[in-house]
Number of protein chains: 2
Amino acid sequence: MTADAKTAGAGAAHPASPPLTERQEARRRRILHASAQLASRGGFDAVQMREVAESSSVALGTLYRYFPSKVHLLVATMQDQLQHMHTTLRKHPPAGETPAERVAETLMRAFRALQREPHLADAMVRALTFADRSVSPEVDTVSRLTTAIVLDAMGLEGQPTAAQLSAVRVIEHTWHSALITWLSGRASIAQVKIDIEMVCRLIDLTVPDPA
Amino acid sequence: MTADAKTAGAGAAHPASPPLTERQEARRRRILHASAQLASRGGFDAVQMREVAESSSVALGTLYRYFPSKVHLLVATMQDQLQHMHTTLRKHPPAGETPAERVAETLMRAFRALQREPHLADAMVRALTFADRSVSPEVDTVSRLTTAIVLDAMGLEGQPTAAQLSAVRVIEHTWHSALITWLSGRASIAQVKIDIEMVCRLIDLTVPDPA
DNA sequence: AACAAGTCTGAAACTTGTTCTACATTACCG
DNA sequence: CGGTAATGTAGAACAAGTTTCAGACTTGTT
């Protein structure tokens, strides 16, 4: 339950905690790949630690040294995917007129990507919201990544204001929770779209009419 | 994994599926009480099915007949608590001027109630967001209850518009997700407050100036 | 009152996340 | 190169959610 600083060799997000050797980096990558693969098949439940270990040719104990729990593993998997998405988005930025439109467009694009791998989405999002305090640092990294993506989409001039940051947090809340309701079959794709567009209108309230 | 209509004797929310006998009603109540009690102590992890069974003087198999999984049990516990809250709120409605103010006030009141039992809150909210499709009907009941509370707080005249319903959904999303970040120590109470107030401003966008 | 169907109990078994242990390998240092 | 501490491996062991089963108890029916 506690998450003390173990002697673990695999860090969180910053690729620089203890300098991983090449073989270790390779192991870490194999594990993340296996995790994503299994998740794509059957979602959260299909990611079984023994199977991840076997698929990535690593002993169970080693898997746990790299990722201290299943949730840690899946959150790291999400970090990985988000990173991809972020670089992709940077290459093809949203084209909308207003910040609100651009953010909505960005999120809908991400949503469509998730629709292509609903099981993977399930595994990652469930892990993210189920994570307890021991995973906070990693979840926080995911959150910062998401925030960065949204702020990028807004395309602000200077630093965001406090109100804008709050709006972005609310958008993230809505994003996660809307995904959950979609994944558990309680909301349609159309509904998620509507809600995302709705919450993005908050941005208009915090951006003084540019004109 | 599947959630077919079992021969189970304990229904979901509508107190009328199969007519429970008195002793069964009592059992169900004992179980929910034990669940809430254990949850108040140590949150999600402290609600152990064997302990719930023992505390409520019921065999493990019986517990599973009433609530087909730990998540079902905790979601039902949440239904129970929400019901209380709803009746309490009806007796003491929020006093704000505008719909947005009243909703924010209501949610903050609920938030303060949760702060008094953070472990219980943890158990319920984690269960709610971790629930998979097999729990959808029950989660949906919770959602409808929450929606009813928010709509009550808005104090509309007629039926809510589509935009208003979307705004309420967004508020619920924010509510759940903000609670999660608070429970996992990634957001302060103050931050949750700010975000709730921020999202409630959406209501203003959907309610034409009454004057 | 006796019976049949449905419920409840107690206990064991099974699954999967997590931990532990004893031993092999690897990486680094002199 | 030899030594040693960290890292990795295989596999058993443990914990808690879930399932299963044989037998006892309730309930409703005739």
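Lettering follows sequence order; numbering is per chain, from 1.
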If you assign A:Ser69 and A:Thr21 each to the DNA chain C nucleotide with the nearest heavy atom, which residue ends up on the more 5' nucleotide?
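Closer to the 5' end of DNA chain C: A:Ser69.
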If you pin A:Arg50 and A:Gly61 to their nearest nucleotides in DNA chain C, which one's is more 5'?
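Looking at the nearest nucleotide for each, A:Arg50 comes out on the 5' side.
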Gap between atoms [atom1] and [atom2], on [X] and [N] respectively (whole Å):
X: B:Phe67; N: D:dG17; atom1: CZ; atom2: C1'; result: 16 Å
X: A:Gln48; N: C:dT15; atom1: CD; atom2: C1'; result: 8 Å
X: A:Leu60; N: D:dT9; atom1: CG; atom2: C1'; result: 11 Å
X: B:Leu74; N: D:dA16; atom1: CG; atom2: C1'; result: 14 Å
X: B:Tyr66; N: D:dT18; atom1: OH; atom2: C1'; result: 19 Å
X: B:Gln24; N: D:dC25; atom1: CD; atom2: P; result: 18 Å
X: A:Met49; N: C:dC20; atom1: CE; atom2: C1'; result: 16 Å
X: A:Tyr64; N: C:dT16; atom1: OH; atom2: P; result: 13 Å

May I ask you to say what B:Val47 touches in the nucleic acid, namely base, sugar-phosphate or nothing, with a heavy-atom cut-off under 4.0 Å?
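Sugar-phosphate contact only.
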What distance do B:Ser184 atom OG and B:Leu179 atom CG have between them, rounded to the nearest 0.5 Å?
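Result: 10.5 Å between the selected atoms.
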Rounded at 0.5 Å granularity, tell me how far OG in A:Ser143 sits from CZ in B:Arg186.
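A:Ser143 OG to B:Arg186 CZ: 6.0 Å, rounded to 0.5 Å.
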Look at [X] together with [Y] and state whether they make a salt bridge at an N to O cut-off of under 4.0 Å.
X: B:Arg109; Y: B:Glu105; result: yes
X: B:Arg201; Y: B:Glu197; result: no
X: A:Arg29; Y: A:Asp80; result: yes

Indicate whether OP1 or OP2 belonging to C:dA27 is found under 4.0 Å from a side-chain N or O atom of A:Arg23.
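Yes, A:Arg23 has a side-chain N/O under 4.0 Å of OP1/OP2 on C:dA27.
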What pairs with B:Glu101 under salt bridge (charged side-chain N to carboxylate O under 4.0 Å, His left out), at least two apart in sequence or on another chain?
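If we apply the salt bridge (charged side-chain N to carboxylate O under 4.0 Å, His left out) test to B:Glu101, skipping adjacent residues, there are no hits.
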Is the B:Phe130-A:Phe44 ring centre distance short of 6.0 angstrom?
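Ring-ring flag for B:Phe130/A:Phe44: true, centres closer than 6.0 Å.
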Let's see if you can work this out: which of C:dT18, D:dT9, C:dT9 has an atom nearest to the side-chain heavy atoms of A:Lys70?
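Among C:dT18, D:dT9, C:dT9, the one nearest the side chain of A:Lys70 is C:dT18.
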Have a look at the helix from C:dA1-D:dT30 to C:dG30-D:dC1 and give the angle its two end axes make, five pairs each, rounded to 10 degrees.
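It works out to 10° between the end axes.
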